[in-house]
Amino acid sequence: MARPPIVILTGAGISAESGLGTFRDKDGIWTKYPLEDLATPEGFVRNPDFVQGFYNARRAQLKSASPHAGHAALAELEAAWDGAPFLLVTQNVDNLHEQAGSRQVAHMHGELASALCRACGGAFKWEADIEASSACLACGQLGTLRPDVVWFGEIPYHMDQIMVAIEQCELFVSIGTSGAVYPAAGFVQMARETGARTVELNLEPSDNAHAFDEALYGPASEIVPAWAGTIM
Ligand code: BJW
């Protein structure tokens with residue numbers, strides 16, 4: 001059976017049952033800390049130690065997090081697509097999709113396990129804490145590293161690849177994202193405009209719920225395997 005080109009967009013909700021917090025739910029990260037302080041370049045300049053501490057703690061937490069059946073189902077789906085166009089776009093900075101076996105993953109908001117040098121622009125794998133004394137592995141300067149994540153006002157990664165995949169896709173699936181943050185929140189509309197069928201899998205209707213042709217609501221560990229089973 002021919003496989004339709006597919007784009008899957010994931011957000012924090014797919015990692016919630018792995019113990020990693022979401023942002024905007026009750027008890028979400030932004031209900032405890034102001035996003036202006038933790039997720040903007042200006043917040044980092046104001047208080048780099050606070051921001052590094054927040055990301056160091058999340059990087060450490062990731063070491064004990066494991067993927068669940070929802071992540072595994074997306075890896076199985078990719079394998080079943082057997083080379084047909086498939087792109088998993090994630091807003092998440094964790095590596096649970098890769099741990100589950102996904103290969104074609106575009107981390108549009110960066111990765112916790114990567115550091116970015118503000119002096120030379122070098123980016124490299126970094127699994128330890130970033131300290132004020134840490135040296136850049138590319139240029140050797142001290143104190144220039146920041147988390148390699150995308151904050152508000154910064155340009156997300158892999159946008160050219162993502163735009164091409166959305167223009168070509170026939171099936172667009174959004175999983176565990178509130179639809180509150182652009183440009184990701186606009187992808188479903190773009191996919192609709194090029195004729196794709198659109199599916200939302202989420203705990204509850206997102207801000208974009210009206211833009212989906214189909215929806216399934218419940219915890220990702222249950223609804224993602226159930227939905228994937230219908231198209232494999
Ligand atoms: C479950 C579940 C379970 C729970 N099972 N589901 C209009 C157009 C374009 C841009 C803008 C615009 N208006 C404003 C902007 C600018 C801004 C923006 O969007 N602001 C909004 C506040 C309006 N955007 C930007 O600045 C972006 N850059 C940009 O636009 O550059 C310009 C440009 C773009 C393109 C090309 C060229 C130029 C950058 C945005 C960066 C966002 N960064 C963060 C932090 C990353 C690092 C980190 O992790 O700390 O990314 S903020 C945070 O929000 C994080 C997330 O990836 C992102 C989205 O959150 P997500 O994943 O949706 O989580 P939640 O918590 O919101 O939702 C969870 C959902 O899961 C809920 O619906 C639950 O119900 C559900 N759920 N448990 C299933 N068990």
Side-chain angles (χ1 to χ4, degrees), residues 8-44 50-59 61-62 65 67-71 73-74 89-97 106-116 146-164 166 173-190 199-209 212 215-227:
I8 297 174
L9 172 70
T10 63
I14 196 163
S15 295
E17 292 159 85
S18 294
L20 305 180
T22 61
F23 295 95
R24 295 170 186 80
D25 291 313
K26 181 174 141 321
D27 300 329
I29 293 173
W30 301 152
T31 67
K32 296 177 194 137
Y33 308 98
L35 69 83
E36 295 77 13
D37 290 346
L38 286 169
T40 64
E42 296 78 14
F44 183 70
F50 179 58
V51 178
Q52 297 283 23
F54 171 72
Y55 282 96
N56 286 343
R58 287 176 62 200
R59 199 177 300 108
Q61 181 192 24
L62 183 54
H68 58 63
H71 297 98
L74 296 182
V89 179
T90 187
Q91 299 169 83
N92 298 343
V93 295
D94 65 57
N95 58 9
L96 297 183
H97 287 306
H107 279 272
M108 65 179 291
H109 290 163
E111 294 184 68
L112 272 176
S114 177
L116 174 68
R146 56 161 273 185
D148 189 9
V149 301
V150 177
W151 289 322
F152 287 102
E154 297 182 323
I155 299 177
Y157 290 139
H158 312 298
M159 287 305 297
D160 290 349
Q161 179 192 14
I162 294 167
M163 287 299 107
V164 168
I166 291 177
V173 187
S174 173
I175 305 174
T177 179
S178 60
V181 175
Y182 287 84
F187 292 168
V188 62
Q189 200 52 46
M190 292 175 201
V199 181
E200 169 159 273
L201 307 177
N202 209 41
L203 195 58
E204 56 194 21
S206 70
D207 294 0
N208 277 332
F212 292 93
L216 196 54
Y217 296 115
S221 65
E222 295 173 15
I223 59 172
V224 176
W227 168 79

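Computed over heavy atoms, backbone and side chain alike; hydrogens, waters and symmetry mates excluded. Counting starts at 1 for both ligands and their atoms, following the listed order. Numbering starts at 1 and runs along the sequence shown.
- Put simply, the side chain of Phe54 reaches to within 4.5 Å of the side chain of Ile29, judged on heavy atoms.
- Salt bridge status for Arg146 with Glu154: present, with a side-chain N to carboxylate O gap under 4.0 Å.
- At a heavy-atom cutoff of 4.0 Å, ligand 1 is surrounded by Gly11, Ala12, Gly13, Ala16, Glu17, Thr22, Phe23, Arg24, Asp25, Trp30, Tyr55, Arg58, Gln91, Val93, His109, Val149, Val150, Trp151, Phe152, Gly153, Glu154, Ile155, Pro156, Gly176, Thr177, Ser178, Ala180, Val181, Tyr182, Pro183, Asn202, Leu203, Glu204, Gly218, Pro219, Ala220.
- Between the side chain of Ser18 and the backbone N or O of Leu20 there is no donor-acceptor pair closer than 3.5 Å.
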**Request:** Evaluate the criterion side-chain contact (heavy atoms from CB on, under 4.5 Å) for residue pair His97 and Leu74; output intermediate values, then yes/no.
**Result:** CA-CA 8 Å; His97 287 306; Leu74 296 182; 3.8 Å; yes
Only distances under 3.5 Å count here; give the side-chain donor-acceptor pairs of residues 217-224 to other protein atoms, sequence neighbours excluded, each with its distance to 0.1 Å.
| from | atom 1 | to | atom 2 | distance (Å) |
| --- | --- | --- | --- | --- |
| Tyr217 | OH | Glu200 | OE2 | 2.8 |
| Ser221 | OG | Glu17 | OE1 | 2.4 |

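- For the pair Asp94/Ser15, a side-chain contact is recorded, criterion being any heavy-atom separation below 4.5 Å from C-beta on.
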